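This report refers to the structure that appears directly beneath it.
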Amino acid sequence: MSQSKRATNVPVVAVVLAAGFGTRFDPNNPKQLVSVGGKPIVCWSIEAFEENPRVTDIIVVVNPTVRATVEELIEQAGYPKVRMIINGGAERVDSTAAALGALADAGIPADAKILIHDAVRPFVEQRSIDGCIDALDELDAATVAFASTDTVLLTEFRDGRKVVRQVPDRPHTFRAQTPQAFRFDTIRHAYELASADPSFHPTDDTRVVVDYLPDAAVAVVDGSETNLKITTLADIPTAERIAAARLGGGTGEPSARMAIGPGDPVESFGPSEHSTMTREEAKARMHAIFAEAARGMRR
Ligand SMILES: Nc1ccn([C@@H]2O[C@H](COP(=O)(O)OP(=O)(O)OP(=O)(O)O)[C@@H](O)[C@H]2O)c(=O)n1
Ligand SMILES: C[C@](O)(CO)[C@H](O)COP(=O)(O)O
């Protein structure tokens with residue numbers, strides 16, 4: 001655990017991955033744009049990080065299908081921490097790689113804390129976000145996860161049919177959730193190593209670290225049943241129930257806390273988790289710092 005020397009007062013950047021095509025949901029109705037509780041799913045996810053005072057910056061990863069709408073939603077809401085919207089790639093891993101490239105181009109410090117989140121997990125708890133940020137003071141990687149209540153079966157194909165290969169002890173099995181959090185240099189290094197392997201198609205970022213940096217322990221941070229990933233249409237009624245509970249019978253409109261005015265101070269990009277800037281200053285800083293990355297994102 002040589003991480004004890006790592007700085008704690010560093011930028012905390014949330015990467016919201018919204019570049020998927022929702023093939024299991026409805027490819028003609030991008031799930032990240034679907035409203036639950038009257039609010040688009042991608043907005044719930046962005047707001048989870050806007051509302052956490054320790055998160056300094058947010059970047060949103062999109063695909064061409066949703067780009068214009070996501071841009072409009074962000075513009076309308078005026079999310080002050082959103083620094084850039086970049087194009088993702090064909091698979092989730094490509095979208096993460098695009099975000100890491102943009103952050104490198106922007107000169108993000110090596111020890112920055114990067115929280116990578118599925119846009120389609122709209123109800124992540126603040127305690128899980130905080131847990132990730134705290135865990136990175138101890139280890140270079142962390143994932144939110146929820147203990148499995150079912151026994152998990154590892155399977156394989158044998159003689160043309162699927163059979164059980166192994167039954168791990170249930171107390172050791174967890175369902176991976178997001179955010180998954182890393183020191184920037186750790187996840188960059190893992191992705192560099194993985195990029196040399198064209199047959200590697202991980203569905204999450206933790207696996208990239210586990211497979212390519214086996215010495216880097218990944219902390220497990222408490223998730224929740226409500227940190228649901230909206231995968232198919234069948235998840236929508238559950239999502240509506242969670243949204244209703246969150247909104248406490250309200251309208252589903254963004255909370256007063258989100259209605260940040262142009263001159264209001266906000267927690268913003270900087271070397272500190274505690275620095276404040278006005279929205280204009282934050283935007284100006286964004287343009288300066290991310291100019292290079294912005295050119296790359298429009299490739
Ligand atoms: N090329 C991709 C694929 C996925 N994602 C994001 O990764 C998260 C988790 O992915 P998943 O639920 O699998 O979403 P989709 O890839 O959209 O769904 P499907 O696999 O059914 O196509 C989502 O927020 C999705 O937008 C992404 O940014 N870029
Ligand atoms: C990252 C993830 O949310 C962890 O549960 C998940 O792996 C993402 O996508 P999937 O393709 O639906 O597994």
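Atoms within a ligand are numbered from 1 in the order they appear, just like the ligands themselves. The chain is numbered in sequence order, starting from 1. Source: prediction; values computed, not measured.
Looking only at protein heavy atoms, the nearest one to atom 3 (O) of ligand 2 is Asp118 OD2, 2.4 Å. Looking at atom 28 (O) of ligand 1, its nearest protein heavy atom turns out to be Ala19 N, 2.9 Å. Of the protein's heavy atoms, Gly22 N, 2.8 Å lies nearest to atom 17 (O) of ligand 1. In this structure, the protein non-hydrogen atom closest to atom 12 (O) of ligand 2 is Lys229 NZ, 2.5 Å. For atom 4 (C) of ligand 2, the closest heavy atom belonging to the protein is Ala176 O, 3.4 Å. Ranking the protein heavy atoms by distance from atom 8 (C) of ligand 1 puts Asp118 OD1, 3.3 Å first. Here the protein heavy atom with the shortest distance to atom 13 (O) of ligand 1 is Arg24 NH2, 2.8 Å.
The backbone N or O of Arg207 sits less than 3.5 Å from a side-chain atom of Asp204, completing a donor-acceptor pair. Within the 3.5 Å criterion, the main-chain N or O of Gln177 finds no donor-acceptor partner in the side chain of Arg121.
Hydrophobic clustering, with ILVMFWY side chains joined whenever heavy atoms are under 4.5 angstrom apart, keeps Val124 apart from Val220. Note on Phe174 and Val167: separate hydrophobic clusters, where clusters join Ile, Leu, Val, Met, Phe, Trp and Tyr whose side-chain heavy atoms are under 4.5 Å apart, directly or indirectly.
Each of the atoms 12 (O), 23 (C), 24 (O) of ligand 1 lies under 4.0 Å from some heavy atom of Val120. Each of the following atoms of ligand 1 lies closer than 4.0 Å to a heavy atom of Ala119: 24 (O). Near Thr23, the atoms of ligand 1 lying under 4.0 angstrom from a non-hydrogen atom of the residue are 19 (P), 20 (O), 21 (O), 22 (O). Close approach of ligand 2 to Arg24 (heavy-atom distance below 4.0 Å) involves ligand atoms 10 (P), 11 (O), 12 (O). Atoms of ligand 1 found under 4.0 Å from any heavy atom of Glu91 (numbered from 1 in listed order, with element): 1 (N), 2 (C), 3 (C). Proximity to Leu17 (heavy-atom distance under 4.0 Å) selects the following atoms of ligand 1: 6 (C), 23 (C), 24 (O), 25 (C), 26 (O), 28 (O). Within ligand 1, counting atoms from 1 as listed, the ones closer than 4.0 Å to a heavy atom of Ser95 are 1 (N), 2 (C), 27 (C), 28 (O), 29 (N). Every atom of ligand 1 is numbered from 1 in the order shown, and the set under 4.0 Å from a heavy atom of Gly89 is 1 (N), 2 (C).
Residue Thr231 places no heavy atom under 4.0 Å from ligand 2.
Contact annotation: for Ala90 versus ligand 1, heavy atoms closer than 4.0 Å belong to the backbone alone. With a heavy-atom cut-off of 4.0 Å, Arg175 does not touch ligand 2 at all. Heavy atoms of Arg121 found under 4.0 angstrom from ligand 1: none, in either backbone or side chain. Residue-level proximity to ligand 1 for Ala18 is carried by the backbone, the only part with a heavy atom below 4.0 angstrom. Heavy atoms of Thr203 found under 4.0 angstrom from ligand 2 belong to the backbone as well as the side chain.
Ligand 2 has no N or O atom lying under 3.5 Å from any N or O atom of Asp204, backbone or side chain. Looking at ligand 1, you won't find any N or O of Phe25 less than 3.5 Å from one of its N or O atoms. Residue Gly20 places at least one N or O, backbone or side chain, under 3.5 Å from an N or O of ligand 1. At least one N or O atom of Lys31 sits closer than 3.5 Å to an N or O atom of ligand 1. Ligand 2 has no N or O atom lying under 3.5 Å from any N or O atom of Arg92, backbone or side chain.
Electrostatic pairing of Arg54 and Asp130 counts as a salt bridge here, judged by a charged N lying under 4.0 Å from a carboxylate O. Between Arg83 and Asp57, at least one side-chain N (NZ, or NE/NH1/NH2) sits under 4.0 Å from a carboxylate O, which counts as a salt bridge. In this structure, Asp205 pairs ionically with Arg92, as a charged nitrogen and a carboxylate oxygen lie closer than 4.0 Å. The pair Arg183-Asp137 counts as a salt bridge, with a side-chain nitrogen and a carboxylate oxygen less than 4.0 angstrom apart. Ion pairing of Asp185 with Arg6 is present here, as a side-chain N (NZ or NE/NH1/NH2) and a carboxylate O approach within less than 4.0 Å.
Between Asp197 atom CG and Asp211 atom CG the span is 9.0 Å, to the nearest 0.5 Å.
For the pair Lys81/Phe49, no side-chain contact is recorded, criterion being any heavy-atom separation below 4.5 Å from C-beta on. Contact check for Phe146 versus Asn227: no side-chain heavy atoms found under the 4.5 Å cut-off.
Looking at Glu47 and Tyr79, their side chains do bring a donor and an acceptor atom within 3.5 Å of each other.
Between Gly37 and Glu240, the shortest heavy-atom distance links the atoms N-OE1, 2.9 Å. Nearest heavy-atom pair across Ala119 and Ile41 is O-CG2, 3.3 Å.
In this structure, atom 10 (O) of ligand 1 has no protein heavy-atom contact shorter than 4.0 Å.
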- request: List the steps, then state whether side-chain contact (heavy atoms from CB on, under 4.5 Å) holds for Arg161 with Asp159.
  value: CA-CA 6 Å; Arg161 69 172 301 153; Asp159 299 328; 5.6 Å; no

